[in-house]
*Asks:* 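One structure, pasted below without further comment.
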Amino acid sequence: MALQDYTNDMFGCSRCSLCKWIPQNQVKSWRFAKGCPSMDRYHFHAYSGSGRMIMGMSMLDGRSELGDAVAEIIYKCQLCGACQVACMAVRDDIDLGDVLLEERARCVEEGFLLPEHMEFIESMKREDNTLGMRKADRGNWAKGLDIPDINLERVEVLFHAGCRYSYDEDLMETVRNAVALLKKGGVKAGIAGRDEACCGGRAYETGYQGEMKKYADDMAGRVKASGAAMLVTPCADCYYTFKYLYPKNGISLDVEVLHITELADRLIRAGTIKPKRAVPMKVTYHDPCHLGRRGEAYRGGWSGENKLDRPIRFKQSGEKGVFEPPRNIIRSIPGIEFVEMERIREWSYCCGAGGGVLEAFPEFAGWTARERMEEVASTGAEALVTACPWCVRVFQDTIRETGSSLKVIDVTELLMRSLGGK
Amino acid sequence: MISKEAVRELEHALGAEFVSCEPAVMDGYAYQPTHAEILGLETKWCPYRPVAVVLPHTTEEVQAVVRICNAHKLQFKALSTGWGIWNAPGSDNVVQIDLRRMDKLTIDTKNMIAVMEPYVSGAQIQAEGMKSGLNVHMVGCGCHASPLASATSLMGPGCSGITTGYSPRNVLGVEWVLPDGEILRLGVPGQGNDEWFYGDGPGPSLRGIMRGTLGACGGLGVFTKCALKLFPWPGPAQPKVEGVLMDAKVEIPGTHSSFLCFLPNLSRFADAFYKISNAEIGYFMGKHAITGALLAGCMPRAYKNLVKSETVRSILTALQNTFVIILCGRTQREYDYQHKVLKQIIADCEGFMLNIGHVPLLHSMLWWGFIRNSLPPAIFRAGGRFTTAFGGFETIDQAVFQSKIGAVIKQELIDSGDMMDDLADNSWGGLYEGSSCLAHQEELAIFDPREPKQNEGVNKYIDKAMEASTKYTITPGIGFGGGGAVPHMLGPLIYNYHHWLLQIKETLDPGNSADPSFFIAPEAEKEKYLRDYARRRPQVARLVEDILAADKKRSDVP
Ligand SMILES: Cc1cc2nc3c(=O)[nH]c(=O)nc-3n(C[C@H](O)[C@H](O)[C@H](O)COP(=O)(O)OP(=O)(O)OC[C@H]3O[C@@H](n4cnc5c(N)ncnc54)[C@H](O)[C@@H]3O)c2cc1C
């Protein structure tokens, strides 16, 4: 697909501007009614979902040209998907999120590249990860964990850590906790260690669509060779890539894909693990975009002409993302007081890190995180619980910068505290 | 064209970050497809692109922008949400003022007033108001639009009007940057009082001049603040709502329920409206052709198939004269009373009613969808767009008459295959100001702009609606009211209202710096506007020539 294949979607836009807000049914206050970080930060209509579609039409109609300024607007967007949810509440014929992806692909095709993105693309090509780290060190996070290596034995479950968890030292405890959790639950999981590679999702999202293919094939091969019937990841970005981007591009992994929170929730509900230790804390939960609305499995595959006739079941409206499992886990922990923010589930507000924004526009990422942290503060929660390493990263950085006393905790870590550690 | 000097001054006044002359950015304001067909315009790109877009944050910044525009002989046009063709620049030298950064809101609970800046949405005011038992009037386009824009600048009907009035009446005071940059405060603020608690007298009330019936659509300057009257909300402070729209699940108070009322014909339908208006019952009430927009919005695909079956068609047609009414009692006794009165009225008018409260999921979706006013944009689901005609504020009989003519015109176009089949009568409208019997009915038509045939059909519909309006001397409504040329054409046929508009425009804006393109073309530009319009709508060419000839004759008289 290319941008011009979405002409009808773009021309479907009525410019109503619903894409700038959370779905209207859910507006609970003046303060937290808006839904699009890019629009909230930069304000011109061009930064909204609608404005981005109009820019697309404008370029295709030859009214304006793709240049550095336009490319910058295109990339100043976390691809968080909030606009698509708000739009799809009243429309069936506009795949807004896909238009945004195609605009980025066009930037790459025409050579409007951001140096920060090229840096991680280079790193992917060289070292199979987005963080500029050495491939040889990829499995170091698992040192001493006594977890099977799929290169040496077949396993039931393949655990895919993802780039950030593999290398970000601040987050390694979380991924090690996730493995400990699997062990406690009796899950026979293995890892690929240094042979694990990036899922390719970030490349696709930043417009380097072709790059993902190589990683997807690689991933499929690894899953097959491992003998696993299930692929589990603690990374929301990887999860989205496996659940949406791969199938959308015709790539099948042929196994059940779960986020670690989904598996942990299953284990708790089956009684295999029991959170017993009280964790007296007031917490709120931040839905990562790539696990929540964008973690919704690909519903496509419809090949008709006119999207007005497309059956609803194909509509990627986000409500079937992963929302309950992390909440179930939190609720299962004794002593926890769980409070919700106003913008949650598929109308959650982004953390700021996605879509290549953290790398290219760190100020904008931080601005978005601060906006979200104000919402956290309004609940009186002392800790923000989430389930994505990118969210944790940007929140932690922002806390450090602002001197906030807020704690950020990954949900698996919280669960492990209640399960009594490793 | 805009000079570098002007851009530099704008940047100096607002900060470079808040001024853009980037073509792709400005195209975000040159794409106004919704209701463009009303003016015979292309539904994709507007004829003009702004020369710059600016984002002021304060009244002083707006003032600075207006003064810079005046100094450089540029025109300007403000927008709040910016949804609809009336936001489009009307010439090739317009600076678009996007008021998005002006979004403050205060609610004065004691005096039941909201004071807001332009970019505050209906949903935001409602959410805050409900916490203190108050609600705001919102217009039919949805709750994400700006009540300030509606109250100061364009139309104003919405379906809670039976209890919340309608926008032009609810505005109590404004802060207004006039076309020359002077700031005018109307209402109590005009008395030098910092509070906004009262509208009419002792301060000057010039609402008629400020906006008239339809609103000046940016043609008289920029409104930077206004105070709106709020109304009691007899419901929960924060309704517990799950879901985003069609999937809504809500806890509805036991003293609220929604009813679909079916009347045997339009005459009995009008009777029921009169009786309900006089009985002062109901919180929300509007004609939502259950067989048209409502059904098409809720189940667009099924709907298109349903109308193909003769049997289903006959049932739907029989049920066409429908309205929705929501009764909200503070107490069970109050609710019971209202329910009893409603039953009696419907029985007297030979109709029947369904209590949607018995269908919990549907009730959730409709109750909150209507109270929150989130449901209206769902009309876009069936075709991607819709157009509208008629819809002037009128007595109930006259409003119903308008919908009737609309349906006749549409039926012809449906029969000839020019328009999407929505059973012709797809009107919507409500009652305003309780027992005043003031109403409006617009005749909507759903279409898909991506289908050339449907685009043509919709244009034919507007042409015919225009003809009918002049034939029957129908008060202008949103369906055709706008456009700088239109008052010059319709004015002579309808009480010469254009004389007043012209005087207001030329007195307040002698330099014509506030883009008049959706208000009224000043005398000096009248011919240009009329000829432009005639080019887009050839069937009015004759009328235009007559008007211009009459003007010439008048000016030839020594
Ligand atoms: C699908 C659809 C349905 C609609 N249904 C209704 C309806 O049922 N009832 C009704 O009353 N209207 C209706 N409208 C018309 C209109 O959108 C509404 O009146 C709405 O209130 C306008 O709010 P907004 O924030 O969208 O205004 P905008 O679209 O931003 O502006 C509307 C007009 O007012 C001017 N304007 C806006 N803000 C200012 C300001 N601060 N100072 C000076 N000028 C300003 C703009 O230039 C424009 O001409 C409908 C519009 C659409 C697109």
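Computed from heavy atoms alone, side chains included, the values below leave out hydrogens, waters and symmetry copies. Below, read A as the first sequence line, B as the second, and so on, with proteins coming before strands; counting in each chain starts at 1. As the structure is a prediction and not an experimental result, all values here were calculated from the model.
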*Asks:* Walk me through it: do B:Asp27 and A:Ser58 pass the test side-chain hydrogen bond (donor to acceptor under 3.5 Å, both in side chains)?
*Replies:* CA-CA 7 Å; B:Asp27 263 354; A:Ser58 171; 2.6 Å; yes
*Asks:* Please state whether the side chain, the backbone, both or neither of A:Arg310 comes within less than 4.5 Å of a heavy atom of chain B.
*Replies:*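 Backbone of A:Arg310 only, per the 4.5 Å heavy-atom cut-off to chain B.
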*Asks:* Measure A:Met39 against the heavy atoms of chain B and call it side chain, backbone, both or neither at under 4.5 Å.
*Replies:* both
*Asks:* If we define contacts as heavy-atom pairs under 4.5 Å, which of A:Asp309, A:Thr7, A:Leu18, A:Val70 has the most with chain B?
*Replies:* A:Leu18
*Asks:* Measure A:Met88 against the heavy atoms of chain B and call it side chain, backbone, both or neither at under 4.5 Å.
*Replies:*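 For A:Met88, there is no contact with chain B at all, as no heavy atom is under 4.5 Å.
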*Asks:* With B:His35 as reference, evaluate B:Phe447, B:Trp83, B:Trp86 under the ring-ring contact (aromatic ring centres under 6.0 Å, His included) test and give the passing residue.
*Replies:* B:Trp86
*Asks:* When you check the side-chain N and O atoms of A:Gln84 and A:Gln316, is any donor under 3.5 Å from an acceptor?
*Replies:* no
*Asks:* Among B:Lys44, B:Glu22, B:Glu242, which has the most heavy-atom pairs under 4.5 Å with chain A?
*Replies:*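 Highest number of pairs under 4.5 Å: B:Lys44.
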*Asks:* Please determine, among A:Ser317, A:Cys13, A:Ala89, A:Gly67, the option with the most heavy-atom pairs under 4.5 Å with chain B.
*Replies:* A:Cys13
*Asks:* Which one, A:His43, A:Gln26, A:His45, leads in non-hydrogen pairs under 4.5 Å with chain B?
*Replies:*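 Looking at each option in turn, the highest pair count goes to A:His43.
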*Asks:* Charged N to carboxylate O below 4.0 Å: is that the case for A:Glu371 and A:Arg343?
*Replies:*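 Looking at A:Arg343 together with A:Glu371, the answer is yes, because their closest N to O distance falls below 4.0 Å.
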*Asks:* Between B:Arg101 and B:Thr58, is the side-chain hydrogen bond (donor to acceptor under 3.5 Å, both in side chains) condition met? List the steps.
*Replies:* CA-CA 8 Å; B:Arg101 291 176 68 227; B:Thr58 62; over 6 Å; no
*Asks:* Pick whichever of B:Val250, B:Thr43, B:Asp247 has the most heavy-atom pairs under 4.5 Å with chain A.
*Replies:*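 Ranked by heavy-atom pairs under 4.5 Å with chain A, first place is B:Thr43.
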*Asks:* Below 4.5 Å from any heavy atom of chain B, which atoms of A:Ile73 appear? Answer side chain, backbone, both or neither.
*Replies:*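 Contact with chain B involves the side chain of A:Ile73 alone.
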*Asks:* I'd like to know if A:Glu296 and A:Arg299 make a salt bridge, using a cut-off of under 4.0 Å between side-chain N and carboxylate O.
*Replies:* yes
*Asks:* Under a 4.5 Å heavy-atom cut-off, does chain B meet the side chain of A:Asp40, its backbone, both or neither?
*Replies:*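 Both backbone and side chain.
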*Asks:* Identify which part of B:Ala145 has an atom lying under 4.5 Å from any heavy atom of chain A, answering side chain, backbone, both or neither.
*Replies:*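 No part of B:Ala145 comes within 4.5 Å of chain A.
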*Asks:* Under a 4.5 Å heavy-atom cutoff, which of B:Pro449, B:Ala30, B:Pro23, B:Pro377 has the most pairs with chain A?
*Replies:* B:Pro377
*Asks:* Find the one option among B:Gln238, B:Met246, B:Lys304 whose heavy-atom pairs under 4.5 Å with chain A are most numerous.
*Replies:*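 Top count of heavy-atom pairs under 4.5 Å with chain A: B:Gln238.
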*Asks:* Among A:Glu346, A:Arg345, A:Lys34, which has the most heavy-atom pairs under 4.5 Å with chain B?
*Replies:* A:Lys34
*Asks:* State which residue, out of A:Glu375, A:Glu342, A:Glu374, fulfils the salt bridge (Lys or Arg N to Asp or Glu O under 4.0 Å) condition with A:Arg31.
*Replies:*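 When A:Glu375, A:Glu342, A:Glu374 are each tested with A:Arg31, the salt bridge (Lys or Arg N to Asp or Glu O under 4.0 Å) holds only for A:Glu374.
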*Asks:* Please work out whether the ring planes of B:Trp45 and B:Tyr31 are parallel, tilted or perpendicular, with thresholds of 30° and 60°.
*Replies:*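 Because their plane-to-plane angle is over 60°, the rings of B:Trp45 and B:Tyr31 count as perpendicular.
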*Asks:* Which bit of B:Asp98 comes within less than 4.5 Å of chain A, counting heavy atoms only: side chain, backbone, both or neither?
*Replies:*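 Contact with chain A: side chain only.
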*Asks:* When you check the side-chain N and O atoms of B:Trp368 and B:Ser374, is any donor under 3.5 Å from an acceptor?
*Replies:* no
*Asks:* Select one option (side chain, backbone, both, neither) describing which atoms of B:Arg372 are under 4.5 Å from chain A's heavy atoms.
*Replies:* side chain
*Asks:* Please look at A:Trp30 and chain B and tell me whether the side chain, the backbone, both or neither of the residue comes under 4.5 angstrom of a heavy atom of that chain.
*Replies:*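 Both backbone and side chain of A:Trp30 come within 4.5 Å of chain B.
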*Asks:* Where does A:Lys20 contact chain B at under 4.5 Å (heavy atoms): side chain, backbone, both or neither?
*Replies:*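 Contact with chain B is through the side chain of A:Lys20 alone.
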*Asks:* In the structure I gave you, are the side-chain heavy atoms of A:Asp9 and A:Leu96 within less than 4.5 Å of one another anywhere?
*Replies:*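 No, their side chains stay 4.5 Å or more apart.
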*Asks:* Could you point out which residue of A:Asp95, A:Asp98, A:Asp93 forms a salt bridge (Lys or Arg N to Asp or Glu O under 4.0 Å) with A:Lys307?
*Replies:*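 When A:Asp95, A:Asp98, A:Asp93 are each tested with A:Lys307, the salt bridge (Lys or Arg N to Asp or Glu O under 4.0 Å) holds only for A:Asp95.
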*Asks:* Could A:Glu103 and A:Lys76 be called an ion pair, given the rule that one side-chain N must be under 4.0 Å from one carboxylate O?
*Replies:*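 No salt bridge links A:Glu103 with A:Lys76.
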*Asks:* Report which part of B:Asn373 has an atom under 4.5 Å of a heavy atom belonging to chain A: side chain, backbone, both, or neither.
*Replies:* neither
*Asks:* Can we call the ring centroids of A:Phe364 and A:Tyr42 under 6.0 Å apart?
*Replies:*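 Yes, the ring of A:Phe364 comes within the 6.0 Å limit of the ring of A:Tyr42, centre to centre.
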*Asks:* Out of B:Glu17, B:Met26, B:Met130, B:Gln126, return the one with the most heavy atom pairs under 4.5 angstrom to chain A.
*Replies:*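 The answer is B:Glu17.
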*Asks:* What residue in B:Gly122, B:Gly243, B:Pro300 has the most heavy-atom pairs under 4.5 Å with chain A?
*Replies:* B:Gly243
